[in-house]
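Here the structure is laid out as structure tokens; the discussion comes afterwards.
The chains referred to below are lettered A, B, ... by the order of the sequence lines, with proteins before strands, and numbering in each begins at 1.
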Amino acid sequence: MKRIKINRLTEYDTSLGQVLIKGWVRTRRDAKGFSFMEINDGSCLDNIQVVADSQLSNYTDIQGITTGSAVAVTGALVPSPGKGQKWEIQAAVVEIISLAPETYPLQKKRHTDEFLRTIAHLRPRTNKYGAAFRIRSEMVQAIHRFYREKGFYYLTSPVITGSDCEGAGEMFRVTSLDPAQVAKQGKLDFSKDFFGQVANLTVSGQLSAEMFALALGDVYTFGPTFRAENSNTSRHVAEFWMLEPEMAFCDLSGNMDHGEELVKFLVTHALDACGRDLDLFFKFVDKDLPKRLEILASKTFERMSYTEAIKILEKSGKKFEYPVEFGIDLQSEHERFLAEEYVKKPVFLYDYPKTIKPFYMRINDDNTTVAAVDLLVPGIGELIGGSQREERLDVLESRMEEMGMDKEPYWWYLDSRRYGSVPHAGFGLGFERFLMMITGIKNIRDVIPFPRTPGSIDF
RNA sequence: UCCCCAGUAGCUCAGUUGGCAGAGCAAUUGGCUGUUAACCAAUGGGUCCGCGGUUCAAGUCCGUGCUGGGGAGCCA
């Protein structure tokens, strides 16, 4: 008999003949003449109740089935006479695939997130984490679908890069040199290293994406990125996934249009496709979540220039820990005030001072700001950071000189401005932060399967 | 990296002025029951985070290290 998954089973509205399910026992209760088992197979949040009659030949063994054990059950899907579930399976055969000993760490009761992090290999077996990781999978596929439908090409940008030029933070070094040898010699000779020069894990696929946008038109990269920053917060991990669209013949305004369309599509899709799993987060994780998702899906995002934002902050009468003046990099408290108290919905801030932004962002006509944009979401903070890129070779080169950069390693990047340069723009969206927004989960370590943070790389 | 808080049974926690190590849940065993995070009873279970110090005596006080959490910075 062909196995059927529980998420399909619950779609039926009439009794079925014999079905075969396979899964893990969440709980088992004995009654007189019966044993009741809740089986979950990971396909959805719901368990299916199996009723095993004492007439079954292996009933004694069935009574020894523990929480966490794996079973295969053949039986008829029938309406349940008990309360709490519509259907149950009247077992004809219960095959015990493997028993979990009493050391199985997951209780039927709720566990803390901190404890579950110490057993990250088992936490997807819980309701909450099972739901979170099904939603994560659904969102990955929705991203690909969105871009496919818009005619973007998917660029798999390299994970190992030869330059540290992306300027987005500390990098992890990649080397095949023997640390013991290096220690003995007391110096590093990268010309002897695998690549003949310094190599690092990528901090961004943007520069690659720009090259391909100027060839294939609209592209996106979506993959792991790495930051060796010693950041110990609930919003940072050393390895995370980033989505980076890059569009040729696109300006800053088009970039914002695209960001808004993307976020709205993904939120709408989540509400549509993950309703059952999302309900768990609505009920038990974040009571404000339904309202926040509703706003994201339906309300037009605000757009405000940095200069305007500074004026609003100055006039707010609020006492900020970090004083406000033109030229500062906005702090968490400033961003929170703007998104949560002032506009009360997602807001794009654009045209930041060039002094606080990287070299590749396009200089505006005022020669003091650049065409940068951040999307601030209430309760979340910065979700998207992007810019229109500087496409004018002479302007780009003089900016790099101004910033004291060595142009030589960027010869290929500058080539793109030399041959058929066009206006183009793009942004980065932190996928885990997006998932925090969708689920209401407060710690980034809980939306990624096996989090990597300073001092911690178990699993 | 900085500031704050915490670490006691498998889990969540209590532990008074320094004086015999506790509860609930889980586990095990038995009972009851178309059960619903079942229920009732009994039993087992401890490097009180590590190291050092003060003291007749330290889970409790002091120093230090480690781990976890919250916040800040950096950023996505």
Side-chain angles (χ1 to χ4, degrees), chain A residues 26-38 47-54 63-64 66-68 78-85 88 90 100-119 122 126-127 166-171 202-206 222 224-244 284 320-322 329-333 335-336 356-358 374-377 380-386 427-437 442-448 453-456 458:
Chain A
R26 283 292 173 83
T27 174
R28 191 181 59 78
R29 296 177 287 269
D30 285 330
K32 192 167 182 71
F34 306 101
S35 195
F36 295 96
M37 280 181 281
E38 298 281 339
N47 304 325
I48 188 85
Q49 173 162 283
V50 168
V51 185
D53 193 277
S54 58
Q63 285 186 302
T66 48
T67 300
V78 296
S80 176
K83 286 178 204 155
Q85 63 280 320
E88 64 186 25
Q90 198 69 47
E102 67 276 7
T103 52
Y104 186 61
L106 291 174
Q107 302 170 183
K108 293 167 222 176
K109 238 175 88 170
R110 206 186 148 269
H111 285 291
T112 59
D113 295 322
E114 291 78 18
F115 172 67
L116 289 172
R117 258 169 240 152
T118 68
I119 50 168
L122 298 175
T126 65
N127 285 339
E166 288 137 358
E170 290 296 309
M171 302 183 89
T202 184
V203 293
S204 163
Q206 182 198 315
F222 183 34
T225 38
F226 307 88
R227 305 278 166 91
E229 298 286 353
N230 189 10
S231 298
N232 294 288
T233 83
S234 55
R235 301 180 313 283
H236 293 87
V237 276
E239 177 183 310
F240 64 98
W241 279 56
M242 189 153 64
L243 167 67
E244 295 175 285
F284 303 117
F320 293 110
E321 192 187 334
Y322 293 85
D329 211 348
L330 295 179
Q331 304 297 313
S332 302
E333 54 175 350
E335 297 184 344
R336 227 177 290 130
I356 55 170
K357 291 293 180 183
D374 285 353
L375 175 63
L376 308 181
V377 178
I380 298 296
E382 186 185 328
L383 180 67
I384 281 175
F427 60 78
L429 177 147
F431 185 56
E432 282 74 20
R433 290 197 181 166
F434 173 77
L435 290 174
M436 291 166 76
M437 185 184 82
K442 296 291 181 290
N443 195 312
I444 197 168
R445 296 170 180 88
D446 297 334
V447 295
I448 193 164
T453 51
S456 167
D458 286 337

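A close approach under 4.0 Å does not occur between any side-chain nitrogen or oxygen of A/R26 and OP1 or OP2 of B/U36. At the phosphate of B/A38, OP1 or OP2 sits under 4.0 Å from a side-chain N or O atom of A/T27. At the phosphate of B/G73, OP1 or OP2 sits under 4.0 Å from a side-chain N or O atom of A/S332.
As a whole-Å value, the separation of A/K109 NZ from B/G24 C1' is 6 Å. Rounded to a whole Å, the CD atom of A/E38 is 9 Å from the P atom of B/A37. Atoms CG (A/L375) and P (B/C75) sit 18 Å apart, rounded to a whole Å. Summarising the geometry, the separation between CD on A/Q63 and C1' on B/C32 is reported as 13 Å, rounded to the nearest angstrom. The nearest whole Å value for the distance from the CD atom in A/E102 to the P atom in B/C25 is 20 Å.
The side chain of A/N443 has B/G70 as its nearest neighbour among B/G73, B/G70, B/A38. Of the candidates B/A37, B/U33, B/G70, B/G70 carries the atom nearest the A/S234 side chain, counting heavy atoms from C-beta on. Out of B/U33, B/A37, B/C75, the shortest distance to the side chain of A/R110 is found at B/A37. Distance from the side chain of A/Q331 is smallest to B/C74 among B/G34, B/A38, B/C74. Distance from the side chain of A/Q49 is smallest for B/U35 among the nucleotides B/A72, B/C74, B/U35. Which of B/G73, B/G34, B/C75 sits closest to the side chain of A/F34 comes down to B/G34. When distances run from any side-chain atom of A/K108 to the nucleotides B/A27, B/G73, B/G69, the shortest one goes to B/A27. Checking B/C75, B/U35, B/G34 against every side-chain atom of A/R29, the shortest atom distance belongs to B/U35. The side chain of A/E114 lies closest to B/G69 when the candidates are B/G34, B/U36, B/G69.
For the C1' atoms, the distance from B/G50 to B/C3 is 24 Å, rounded to whole Å. Comparing B/U16 with B/C75, their P atoms are spaced 46 Å from each other, to the whole Å. With both ends at atom C1', the span from B/A41 to B/U47 equals 33 Å, rounded to whole Å.
Look at B/C2: its Watson-Crick or wobble partner, with both distances under 3.5 angstrom, is B/G71. B/C25 is paired with B/G10 under the criterion used here, namely a Watson-Crick or G-U wobble arrangement in which both key atom distances are under 3.5 Å.
For B/C75, the base has no donor-acceptor partner in the side chain of A/S231 [N/O atoms by modelled type, under 3.5 angstrom]. For A/Q85 and B/U35, a side-chain-to-base donor-acceptor distance below 3.5 Å is present, hydrogens and geometry of angles not being considered. Evaluation of atom-type donor-acceptor distances gives no pair under 3.5 Å for the side chain of A/H111 against the base of B/C11.
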Pairs: protein N or O with nucleotides 2-10 of chain B N or O, under 3.5 Å:
residue : atom : partner : partner atom : Å
B/G10   : N2   : A/Q107  : OE1          : 2.6

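Within 4.0 Å of A/T112, counting heavy atoms only, lie sugar-phosphate atoms of the nucleic acid but no base atom. When heavy atoms are screened at a 4.0 angstrom cut-off, A/R235 is found touching base atoms of the nucleic acid.
A heavy-atom distance below 4.5 Å is found between the side chains of A/H111 and A/L106.
Of all the heavy atoms in A/E170 and A/V203, the pair that sits closest is O-CG1, 4.2 Å.
A parallel orientation is assigned to the rings of A/F431 and A/F434, their planes being inclined by less than 30° (bins at 30° and 60°).
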